Amino acid sequence: MLDLRNPYIFAPIKTGYSDGDGRVTSHHLAYYRKRSRHVGAVTPEPFYLDARLRELPTQMGIDEESKIPGLKSLVDEIHAGGAAAIAHLNHAGRMANPKIPGNVFFSSTNRACEAGGAQPTRMGKSEMDEVVDLFVAAARIAVTSGFDALELQLGHGYLLAQFLSPMVNDRNDDFGGDFTGRSRFPLRVLDAVRDAVDLPLLVRISGAEMVSGGIEIEEAVALAHELKSREVAAVHVSAGTVCNTPPWFFQHMFVPIGKTWDMAERIHHETGVTVVAVGRISDTAMAKKLEKRFAGGFLAVGRALVADPDFVGKVLGLVEGPVRPCLACAEGCLGGIKSGHGLQCLVNPDVGRELLMVEPAETGRRVAVVGGGLTGMQAAITLFDRGHEVDLFEAEQLGGQFNLAPLTPHKHSMDQLVPYFLEELELRNIRIIQKRAVADHVLDYDAVVVATGSRPRVPPIPGLEEYRWADILADEELPKDQHVLILGGGLIGVDVATALIPAGNRVTIVKRTTDFGEDMELIAKKLSLKIMTDSGVRFSDRTHVQRVDGRTVHAWREEQPVVFEEVDLIVVTTGMASVDDLARELDGAVPIWLVGDAKRVGNAQDAIADAYLTCREI
């Protein structure tokens with residue numbers, strides 16, 4: 001039985017904070033310390049069972065006894081916060097990272113993941129025996145390290161799911177074929193771990209793999225029956241597969257919310273097994289409703305606790321203040337991992353920097369922050385929290401260009417961020433001065449933070465006189481049934497294209513290089529480009545527009561002329577340029593700091609982080 005102080009479990013999320021040897025670091029301890037204060041249990045990132053099975057070079061391991069001291073320190077840190085510690089054991093199988101030297105690849109099949117990866121070895125009896133031994137050895141290390149429970153990964157397209165999945169498992173022996181055959185090896189692993197250690201066992205499964213031919217809910221229910229008969233403590237019901245359906249695996253903003261809750265509810269009702277419900281549990285009202293819906297079970301919270309370590313404390317009424325919202329965008333969490341920088345967060349600049357301390361300022365100053373976009377609002381909050389007196393200048397709508405972000409299809413979750421910042425500003429009673437600041441307005445301040453952002457960079461194309469930018473998204477009514485030519489194929493261009501498609505517009509998008517959406521988070525990029533392709537958008541790469549002649553646009557592509565005819569509207573999204581005029585006006589008159597796009601054009605995460613880091617030092 002799993003006995004926790006409350007039903008909330010911090011779900012396993014990869015951090016990438018190890019030094020490359022798989023050991024627990026001070027960064028891990030600081031990160032999990034902040035997230036252990038209110039939850040019932042913490043499940044650290046998935047542990048690898050063998051250094052040759054890593055998904056990340058900087059993943060934590062539970063593969064050898066020399067790691068026990070570090071694991072004990074991690075468990076002690078979690079316990080100090082009042083939470084139980086759950087060790088998540090996973091064998092990646094064919095999804096081990098092919099870019100890590102020395103990695104090996106095993107599966108139920110000898111076919112590689114269709115989305116990429118190494119060709120695996122089809123496992124025989126000896127390889128199966130080795131895998132059982134790996135799980136048992138890891139379970140014993142977890143016991144010695146002081147963990148309170150174990151969670152076995154039987155979902156998400158990893159090794160044991162590769163046996164369960166009828167799409168992957170193409171065997172014709174005792175470990176393939178019907179559900180009984182395909183479940184035989186995963187259940188053997190579970191039985192071996194259960195017999196080897198005396199800890200509560202949770203099992204994570206995919207309620208459905210969300211791909212044709214994959215695991216469906218009916219087989220998930222059948223698996224749950226088997227698990228209940230083995231007296232597992234709970235079945236953690238997620239969805240998707242890391243190979244075929246990452247948006248479901250990551251519960252990305254592009255997939256509908258609540259599907260995994262329905263799966264968990266069905267599994268509980270049909271089997272009676274205790275379930276862990278998971279999937280974008282990210283606001284307090286939602287969490288309270290799910291507590292009632294899954295009374296007697298558990299709720300796994302992942303990225304909401306990355307964005308706001310006190311999320312569960314706020315749900316339980318133990319911590320006051322607004323919830324810093326998870327946008328389900330995967331920009332920082334998945335993006336940081338993919339880039340090799342480790343787990344980060346678009347909305348929370350402290351993630352990945354837990355070892356940095358924000359100290360009170362030695363001397364409080366009167367500081368003007370000019371510009372009320374995300375950068376300026378974060379700057380004002382950080383400065384205030386360090387003891388400065390802050391005035392925030394903004395002539396227009398607070399939130400700046402980020403107010404456009406939720407106006408594109410599937411990105412509506414982004415509409416939570418600006419209201420969060422507004423509430424934080426109001427709680428601190430930071431004065432908002434609704435005017436466009438010029439030099440004379442700020443000369444009397446002790447310091448000025450210039451957060452004036454960026455403006456569209458418009459190419460000098462002859463005849464380009466009438467055009468729109470991304471602000472077209474804010475129009476009460478978008479154009480309908482028009483031929484729209486978008487100049488620029490990065491994030492903004494792709495977002496504008498996906499917003500225009502539902503209104504029946506015929507879209508052409510041109511780009512000087514070849515990688516459309518090159519600056520986008522990978523899942524959003526892939527799904528956006530699929531929407532565009534399926535809708536008949538015309539892509540023209542390596543294209544240089546030469547002139548605009550009425551409704552005709554002339555260009556060159558690969559040294560050949562190309563003409564775009566009957567163009568009704570041109571949208572320019574060819575990049576941004578810093579707006580730093582005020583800084584140049586003030587140069588030498590008062591101490592100034594440039595932050596965000598005013599200093600260097602980047603994305604929202606860059607802007608928030610730069611404001612936070614810069615204002616720590618003022």
Side-chain angles (χ1 to χ4, degrees), residues 2 6-13 40 43 151 153-158 161 164-167 179 183 202-228 232-242 244-305 311-312 315 325-328 330 409-410 412-413 416 523 527:
L2 190 62
N6 63 56
Y8 291 95
I9 298 174
F10 185 23
I13 292 178
T43 314
E151 180 173 76
Q153 175 64 283
L154 269 68
H156 287 165
Y158 291 112
L164 288 167
S165 175
M167 184 180 67
F179 171 76
S183 62
L202 295 84
V203 177
R204 200 174 203 193
I205 69 172
S206 291
E209 291 188 315
M210 310 307 291
V211 60
S212 178
I215 295 168
E216 300 289 353
I217 184 63
E218 291 77 15
E219 286 203 342
V221 170
L223 178 60
H225 276 294
E226 293 289 344
L227 299 175
K228 186 174 190 299
V232 301
V235 176
H236 185 167
V237 185
S238 184
T241 156
V242 68
N244 304 97
T245 50
W248 285 98
F249 172 32
F250 290 107
Q251 289 292 293
H252 194 268
M253 61 185 172
F254 271 62
V255 303
I257 194 168
K259 184 77 171 177
T260 48
W261 310 338
D262 295 342
M263 294 175 186
E265 187 171 56
R266 178 172 172 180
I267 286 171
H268 172 65
H269 284 166
E270 294 194 20
T271 68
V273 73
T274 300
V275 294
V276 182
V278 70
R280 290 174 65 183
I281 302 172
S282 55
D283 74 59
T284 54
M286 174 197 303
K288 298 303 286 185
K289 287 180 181 178
L290 290 173
E291 276 188 46
K292 294 177 181 178
R293 183 174 174 182
F294 293 98
F298 302 95
L299 302 177
V301 179
R303 287 171 299 167
L305 279 163
F311 170 72
V312 169
V315 172
C326 170
L327 308 182
H410 308 294
H412 307 307
S413 60
Q416 304 169 79
I523 293 176
L527 295 179

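One is the number of the first residue; the rest follow in order along the sequence. In this text, all values refer to a predicted model and were calculated from it rather than measured experimentally.
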Is I205 close to L227 at the side-chain level, that is, under 4.5 Å between some pair of heavy atoms? yes
Tell me, do E218 and R266 make a side-chain contact under 4.5 Å, heavy atoms counted? yes
For the residue pair A287 and F311, what are the closest heavy atoms and their distance? CB-CZ, 4.4 Å
Atom pair OG (S165) and CD (E216), whose distance is rounded to the nearest 0.5 Å: 9.5 Å
Check L223, V237, D262 against I267 for a side chain to side chain contact (heavy atoms under 4.5 Å, CB included) and give me the one that passes. V237
Working to the nearest 0.5 Å, report the span between CD of Q251 and CD1 of I257. 8.0 Å
Please report the interatomic distance CG(L527) to CE(M253), rounded to the nearest 0.5 Å. 9.5 Å
Assess the residue pair R280 and R303 against the criterion (side-chain contact (heavy atoms from CB on, under 4.5 Å)); give the C-alpha distance rounded to whole Å, side-chain angles, the decisive distance to 0.1 Å, and a yes or no. CA-CA 8 Å; R280 290 174 65 183; R303 287 171 299 167; 4.2 Å; yes
Y8 OH to I281 CD1 distance, which is reported to the nearest 0.5 Å: 7.5 Å
Hey, are the side chains of V276 and E151 touching, using non-hydrogen atoms and a 4.5 Å cut-off? no
Heavy-atom check, side chain of V278 versus side chain of R204, under 4.5 Å: yes
Tightest non-hydrogen contact, residues A233 and T274, listed as O-CB, 3.5 Å
Could you tell me whether D283 and K289 have a side-chain N and a carboxylate O separated by less than 4.0 Å? no
Under a plain distance cut-off of 3.5 Å, with no hydrogens placed, do E226 and S183 share a side-chain donor-acceptor pair? no
How about F254 and H252: are their ring centroids closer than 6.0 Å? yes
Can you name the closest pair of heavy atoms from F10 and G302 and give their distance? CE1-O, 3.4 Å
How close do V301 and A304 get, counting heavy atoms only, and between which atoms? CG1-CB, 3.6 Å
Nearest 0.5 Å please: distance from the NE2 atom of H225 over to the OG1 atom of T271. 5.5 Å
With no hydrogens and no angle check, is any side-chain donor or acceptor of T284 less than 3.5 Å from a backbone partner on V315? no
Take the angle between the ring planes of F249 and H156 and call it parallel below 30°, perpendicular above 60°, tilted in between. tilted
Which heavy atom of K259 sits nearest to which heavy atom of W248, and what is that distance? CB-CZ3, 3.6 Å
Is any side-chain heavy atom of M167 less than 4.5 Å from a side-chain heavy atom of V211? yes
Is there a donor-acceptor pair closer than 3.5 Å between any side-chain N or O of S206 and the backbone N or O of G240? yes
Hey, are the side chains of I9 and H236 touching, using non-hydrogen atoms and a 4.5 Å cut-off? no
Separation between CD of Q153 and CG of L202, rounded to the nearest 0.5 Å: 12.0 Å
Return the minimal non-hydrogen interatomic distance between A220 and I215, and the atom names on each side. N-CG2, 4.4 Å
N/O donor-acceptor pair under 3.5 Å between W261 side chain and G279 backbone: yes
